[in-house]
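Read the structure below first, then the notes.
When a ligand or atom number is given, it counts from 1 through the structure's own listing order. What you see below is based on every heavy atom in this structure, not just the backbone, and it leaves out hydrogens, waters and symmetry mates. This one's a predicted model, so the numbers in the text were calculated from it and none came from an experiment.
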Amino acid sequence: MIIGIDLGTTNSLACVYRNGKAELIPNGLGGYLTPSVVSLDESGEVLVGAVARERLVSNPADTAASFKRFMGSKKTFPLRQREFTPQELSAFVLRQLKQDAERYLGGEVTEAVISVPAYFNNNQRAATLEAGRIAGLHVERLVNEPSAAALASSMLSDEDEQSYLVFDFGGGTLDVSVVDCFQNIIEIVAVSGDNHLGGNDFDERIAAFFCKSHQMDLDALPPQKQAVLRRLSEKAKRELSEKESNFLHMNIDGEDKAVILNNEILIGCCTDLFDRMERAVVHALRDSGCTVDDIDVIVMAGGSCKMPVVAYFLEKLFGKKPVMIGSPDEVVAQGAGIYAGIKARDEEIRDVLLTDICPFTLGVGSYNPNDRGRNIMTPVIERNSVLPVAKTEYFTNVHDKQKEIEFPIYQGESFDCSENLCLGRIAIAIGQAMAGEARVSVTFSYDINGILVVDVVDDKGTNRAQQVFMSEGANLTEEELLRKIEELKKYRISSNGDERDRLLLARGKRIYQELIGSDRENVAAALREFEAVLAVNNRRAIHVMRQRLAELFGVYEEFLNEEFLNEGFMDKEFLDKEFLDKEF
Ligand code: ADP
Ligand code: MG
């Protein structure tokens, strides 16, 4: 069986195509979003998802998040005395999704279509494929996230030809893409975005606003307090999607502190973030040669599009309402699921051709007459070229009696090669030509799998060099891969017991950290008791305890969060006015 997977920075989802439609696959907790967080517990078992996310606060040293940001890089994450690569951590998430899908579908899942950001380079794509292989999934294809989102939206439209702007605003990244759908061809025309702008920045601003209002410095708080405040800020932000205003409050050193929040205040704290959002949209439009009016549909993807201020911003910018297909954080997964259906040759879906583009420029470093030590970039394949693509450029030698010409191969947009990523070098012999005598053609072929072939030939056809450039380091040999799979087998994805119980325990442990005194002892006693009934697997007692704990934790969370409101300590209307009169 084949499934579609949105392997996100913050959350991951799985989707299957059956009975004529894309169907999201629930995880062990019954939700569709599985946080892309991995934690190792005391016994060396791997925890993935909501449980692991709770442990970000309680066991930060054994827990990793946001590793997608480092896919294809050399960064590793230490969890309990072992360093894990981003692709290994991603493999754990994939294994969890695979396991959940198998339980839900009642059969083995062996294949997947995985979505990746359109701007992912070779290294990042190769690392994603590797993660799939480590997880025991044959990755049928990587699809670009904006193509997947456009595919999901195009299914709802009868129009034959439409231009989409996909505004994918996740936890840590903003991706803006212009995508053309013409009959059954879905083509990315331009991609742009901001790699360091997402929902997290809004959380951060809210936390900073809280601190500033109380003359505190966020960075000066102990790390755990910071983590708690960030979590509360995120919660407050989400609540603003549902209601006009609310409170954020937290106990700092035994003293309860609060601020009121509403969307106006949020905009006030984040004006520069909106500027950056606008810049990304303008950049994508400019690269695509489109104007605001050429865009037929604005597709909102990513959880941060649930913020009313984001929809408002887009509406102002485009003069029309953006569309929301289901929940924005599910759109990419829906598209990946539909594509998985196409791959499985499900007759009910018309065949669709997803074209890919090269999201960056590929070129060679050439001689800089003004500064010999500093090569300048000569583009061969420009960014946003549709794949597969082949382009040729011609070069000559600059020195007399030069025996060979060496071409360093770069990827990137900077004029100075030193600021671009060097993929390697290729050289060709040219005899002993005088300056300007030799003529050499350099052909770049770049295919849909992100493999670059460089072919260098002199004009007489006597000398020739050809080389394949794949991303350095990212590709394991078959042998290394098998060894890795074997090694990671010992990290079993935790499966004993019920996911709900593990979440309840993790939640309790987090609450425990936030409380003090007898409240803390109450929670500890409840946790001990729960662990005891789980250990003997007494179904009835577990059932009773679950309800008791959920109630108890609910009360404490309320206590931790809503204390002010319950006490009627503040007059909301009065505060509203006072805060709105202030200048932000
Ligand atoms: P990613 O693509 O990065 O994996 P998602 O698309 O799941 O992430 O988006 C995660 C982000 O969406 C988080 O920053 C989260 O706070 C935010 N988010 C989720 N739901 C809401 C909501 N109701 N209101 C505001 N922000 C939300
Ligand atoms: Mg996403």
Side-chain angles (χ1 to χ4, degrees), residues 4-15 24 27 31-38 48-50 52-53 56 65-71 86 89-90 93-94 97 114-120 128 142-150 152 166-177 191 193-207 230-244 246 248 261-263 266-267 270 273 277 299-313 324-336:
I5 292 175
D6 170 6
L7 186 59
T9 311
T10 320
N11 294 300
S12 297
L13 301 88
C15 183
L24 291 171
N27 57 29
Y32 297 136
L33 271 66
T34 298
S36 306
V37 185
V38 172
V48 175
R53 190 180 51 193
L56 268 180
S66 296
F67 34 83
K68 180 177 175 181
R69 279 188 173 285
F70 301 97
M71 281 298 248
L89 295 169
S90 302
V93 175
L94 291 174
L97 296 175
I114 301 180
S115 59
V116 291
Y119 60 79
F120 253 26
T128 308
L142 299 177
V143 295
N144 289 317
E145 287 165 7
S147 309
V166 179
F167 190 86
D168 185 346
F169 203 12
T173 51
L174 168 65
D175 301 322
V176 183
S177 321
V191 294
D194 192 323
N195 262 332
H196 295 278
L197 178 60
N200 297 341
D201 294 288
F202 285 79
D203 309 345
E204 198 69 23
R205 290 302 167 85
I206 293 172
R230 288 202 170 92
R231 203 171 48 77
L232 291 174
S233 301
E234 201 250 355
K235 186 164 167 279
K237 175 189 73 178
R238 280 167 185 265
E239 283 166 4
L240 274 191
S241 309
E242 312 283 318
K243 56 185 183 190
E244 300 241 309
N246 66 350
L248 165 63
L261 269 184
N262 61 34
N263 283 313
L266 188 62
I267 293 176
C270 304
L273 303 183
M277 284 153 68
V299 182
M300 293 204 288
S304 296
C305 279
K306 290 191 195 169
M307 282 190 279
V309 289
V310 171
Y312 177 75
F313 158 82
M324 175 117 76
I325 317 147
S327 181
D329 40 15
E330 298 168 4
V331 177
V332 170
Q334 297 266 4

key: Check: Gly171 N/O within less than 3.5 Å of ligand 1 N/O   = yes

query = Does any donor atom in the side chain of Ser12 or Ser36 lie under 3.5 Å from an acceptor atom in the other side chain?
reply = yes

query = Given Lys235, Lys68, Lys306, Glu145, which one has a non-hydrogen atom that is nearest to atom 23 (N) of ligand 1?
reply = Lys306

query = Val309 pairs by side-chain contact (heavy atoms from CB on, under 4.5 Å) with which of Leu266, Leu240, Leu273?
reply = Leu266

inquiry  = Any nitrogen or oxygen of Thr173 lying under 3.5 Å from a nitrogen or oxygen in ligand 1? Just yes or no.
reply    = no

Residues in ring pair (Phe, Tyr, Trp, His ring centres under 6.0 Å) contact with Phe313, at least two apart in sequence or another chain = Phe274

note = closest protein heavy atom to atom 27 (C) of ligand 1 is Gly303 O, 3.3 Å

task = May I ask you to list the atoms of ligand 1 that are less than 4.0 angstrom from any heavy atom of Gly302?
result = 6 (O)

key: With Asp201 via side-chain hydrogen bond (donor to acceptor under 3.5 Å, both in side chains) - residues at least two apart   = none

ask   = Counting both backbone and side chain atoms, is some N or O of Ser304 under 3.5 Å from an N or O of ligand 1?
value = yes

task = Could you tell me whether Asp168 and ligand 1 have an N or O pair separated by under 3.5 Å?
result = no

task = Ignoring hydrogens, just give me the one of Arg238, Glu330, Met307 whose non-hydrogen atom is nearest atom 19 (C) of ligand 1.
result = Arg238

task = State whether Arg53 and Glu234 are salt-bridged, where the test is any N-O pair (Lys NZ or Arg NE/NH1/NH2 against Asp/Glu carboxylate O) under 4.0 Å.
result = no

task = Indicate yes or no: does an N/O atom of Lys237 lie under 3.5 Å from an N/O atom of ligand 1?
result = yes

remark   = Test side-chain contact (heavy atoms from CB on, under 4.5 Å), reference Phe167, set Cys305, Ser177, Pro328, Ser304, output is Cys305

